[in-house]
Amino acid sequence: VIPSGTVKRLSVAAGFDLVRVGRAEPLHVERARYLDWIRAGRQGEMAWITEERARRAADPRSIVPRARSVISVGLAYWAGQRPANALNTGRVARYAWGRDYHTAMGRALEGLSERLQAELGGEHRWYVDTGPTLDRALAARSGLGWVGKNTNLLTERFGSFVLLGEIITTLEIEPDNPINRSCGSCRLCIVACPTGALGPEYTIDSRKCISYLTIEHRGPIPHAFRKSIGDWVFGCDICQDVCPPTMAPHLSDEGERRQWIGQLRSYARHSQPARGDSARPAGPIPGHPLFADRVRPAIDLLWLLRMSHEEYVEAFRGTAIKRAKDWMLRRNAAVALGNVGTADAVQPMARAMREDEHPVVRGHAAWALGRLGKRHAIPRVSDVLEAALASEADHSVCAEISLALRSIAEMPARS
Ligand code: B12
Ligand code: SF4
Ligand code: SF4
């Protein structure tokens, strides 16, 4: 049996902040939960999440038949408080502020596997995020952290701002013990989630989650969730930003703690939008090497709304934001501007409604234009919508324009 200290030393040298080892036994309870989750349709349109994948994910030996251990690793990605947002900007989830973690962690896991092979022998398969694995359940079993009601893996040192990967190996390594911690009576994340995606406790309905809606969902965002999305354009951090064990390690002084408690109240009221975590203006953010040369806590929404494919490729090369297609980001920009945009957004939105090549973007622009017109009391917005309705050929866009016209007629001002 290899002492776990040997593996931990090599993992830390490879650049990981956390490492723990678990046995490569099947995850029986988790498999049942995973299958129930899929059968309830909570994976939404993520067609790659299948029952067959769930069965495979719950047994490391279906991947490496003679596996004895799973080495779970964590990369902490906190990169400082979110700066105060400027007008007409949209928020990006923290994990995507810098370079794509899949690349950085993949390289480190590859190097670690080679080192293990050279020093200890054995067969190794590594995964980060995209593998047929249950990254969180494996990490929980190894004692890297524990699962919270927001379904994230919480760790003692970094809360849930930790990205996960693992190596399934034939080496027999001394296992660590799971951590015996739970959320207790706390329900802050469930209360704060603006779309009601969390629950029953420890589960999520992806179809309602802003992270899913802005990154994975290809198609129109259901009307029921558009307002709740607020100014998020890529992912969402709310259920982590309100989580005490997640934030505690990162709130260094009394002032920051008090400011965070103030934020909790606004999140619990779902007051839209909570404009940034701190009053600090945007500027260099201290932190992780992943964020050394690219820091994007927020995106200029007027730019995003008219972004061309070439600009998209150039701006988001090497970042996790590339997971969303260019038109999905323009769609997200329309929703966010509809929620928080100033009167300056009206003209660009009207242009997007008439000219965007993608019907989903044109439809969302119509919705947003209706909201902007009403919020800023601009009467000619109805004429612009009427004109677009007369020239639009796509039925789904016409339906959105008609709805926008109706909402202008019906909605009370300043909703
Ligand atoms: C699909 C997916 C999503 C989906 C579904 C999320 C979900 N909760 O399942 C969507 C698109 C919504 C999503 C969003 C996000 N994701 Co995601 N996602 C994944 C992915 C690819 C698969 C997850 C999966 O299989 N889900 C199905 C469910 C059934 O599995 P599970 O959540 O792992 O569940 C296990 C435990 O929760 C536990 N469990 C379940 N019920 C219960 C009940 C009790 C009582 C207990 C104790 C435990 C428990 O056992 C389960 C196994 O069945 C993983 C990577 C991977 N390969 O694992 C990343 C992953 C989970 N995502 C990650 C991240 C960072 C995010 C976001 C924070 C990104 C963002 N800021 O926008 C959000 C968080 C939203 C949230 N609250 O979960 C990280 C999480 C890191 C961490 N510290 O937890 C992962 C692990 C990627 C990685 N390798 O780092 N994601
Ligand atoms: S990521 Fe946002 S929308 Fe998704 S569960 Fe957490 S708070 Fe809710
Ligand atoms: S906010 Fe509270 S309930 Fe939610 S995960 Fe954190 S500790 Fe658990």
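Just so you know, ligand 1 is whichever comes first in the structure, and atom 1 is the first atom listed for that ligand. Just so we're clear, the structure is a prediction, and the values are computed from it rather than from any experiment.
Shown are the protein N/O/S atoms under 2.8 Å from atom 8 (Fe) of ligand 2, given by residue and atom: Cys193 SG.
The residue Gln43 has no part lying near ligand 1, judged by heavy-atom distances below 4.0 Å. Looking at Phe161 against ligand 1, nothing comes within 4.0 Å, counting heavy atoms. Of the heavy atoms in Tyr95, only side-chain atoms (C-beta onward) come closer than 4.0 Å to ligand 1. Contact annotation for Trp37 and ligand 1: only side-chain heavy atoms (C-beta onward) come within less than 4.0 Å of the ligand. Contacts between Cys236 and ligand 1, counted as non-hydrogen atom pairs separated by less than 4.0 Å, involve the backbone only. Proximity of Val147 to ligand 1, defined as any heavy-atom pair under 4.0 Å, is confined to the side chain (atoms from C-beta onward). At a 4.0 Å heavy-atom cut-off, ligand 1 does not touch Leu154 at all.
Annotation: Leu153 places an N or O atom under 3.5 Å from an N or O atom of ligand 1; distance criterion only. For a threshold of 3.5 Å applied to N or O pairs, the pair formed by Gly165 and ligand 1 contains no separation below that value. At least one N or O atom of Asp135, backbone or side chain, sits closer than 3.5 Å to an N or O atom of ligand 1. Residue-to-ligand polar distances place Ser211 within reach of ligand 1: an N/O pair is separated by less than 3.5 Å. Close N/O approach between Thr203 and ligand 1 is not found [any backbone or side-chain N/O within under 3.5 Å]. For ligand 1, the polar-atom distance check finds no N/O of Ser206 at less than 3.5 Å from any of the ligand's N/O atoms. For a threshold of 3.5 Å applied to N or O pairs, the pair formed by Ile204 and ligand 1 contains no separation below that value. Considering both main-chain and side-chain atoms, Arg136 comes within under 3.5 Å of ligand 1 through a nitrogen or oxygen pair.
Counting heavy atoms only, Thr151 comes closest to atom 78 (O) of ligand 1 of the residues Thr151, Ile238, Leu35. When the heavy-atom distances from atom 2 (Fe) of ligand 3 to Gly184, Ser185, Cys186, Gly159 are ranked, the shortest goes to Cys186. Counting heavy atoms only, Asn150 comes closest to atom 77 (N) of ligand 1 of the residues Asn150, Ile210, Leu213, Asp36.
Looking only at protein heavy atoms, the nearest one to atom 30 (O) of ligand 1 is Leu134 CD2, 3.5 Å. Of the protein's heavy atoms, Arg33 NH1, 3.7 Å lies nearest to atom 46 (C) of ligand 1. For atom 59 (C) of ligand 1, the nearest protein heavy atom (residue, atom name, distance) is Asp129 OD1, 3.3 Å. The shortest contact between atom 43 (C) of ligand 1 and any protein heavy atom is with Tyr202 CB, 3.2 Å. Looking at atom 35 (C) of ligand 1, its nearest protein heavy atom turns out to be Ala137 CB, 4.4 Å. From the protein, the heavy atom lying nearest to atom 50 (O) of ligand 1 is Glu30 CG, 3.5 Å. In terms of protein heavy-atom proximity, atom 68 (C) of ligand 1 is closest to Gln240 NE2, 3.4 Å. Protein heavy atom closest to atom 25 (O) of ligand 1, with residue, atom name and distance, is Tyr34 OH, 3.1 Å.
Remark: distances from the non-hydrogen atoms of Phe234 to ligand 1 are all 4.0 Å or more. Residue contacts with ligand 1 leave out Glu201, since none of its heavy atoms falls under 4.0 Å from the ligand.
Within the 2.8 Å limit, Cys243 places at least one N, O or S atom next to atom 6 (Fe) of ligand 3.
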**Request:** Please lay out, stage by stage, how Glu119 and Arg115 fare under the test salt bridge (Lys or Arg N to Asp or Glu O under 4.0 Å).
**Result:** CA-CA 6 Å; Glu119 297 199 11; Arg115 194 85 195 268; 3.0 Å; yes

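With no hydrogens or angles considered, no side-chain donor-acceptor pair links Ser206 and Glu216 at under 3.5 Å.
The distance from ligand 3 to the heavy atoms of Pro245 drops below 4.0 Å at these ligand atoms: 7 (S).
Formation of a donor-acceptor pair under 3.5 Å by the Trp232 side chain with backbone atoms of Asn332 is not found in this model. In this structure, Asp356 contributes its side chain and Arg362 its backbone to no donor-acceptor pair below 3.5 Å.
Salt bridge Asp176/Lys8: present, at least one basic N to carboxylate O contact under 4.0 Å.
Put simply, the side chain of Trp97 reaches to within 4.5 Å of the side chain of Pro297, judged on heavy atoms.
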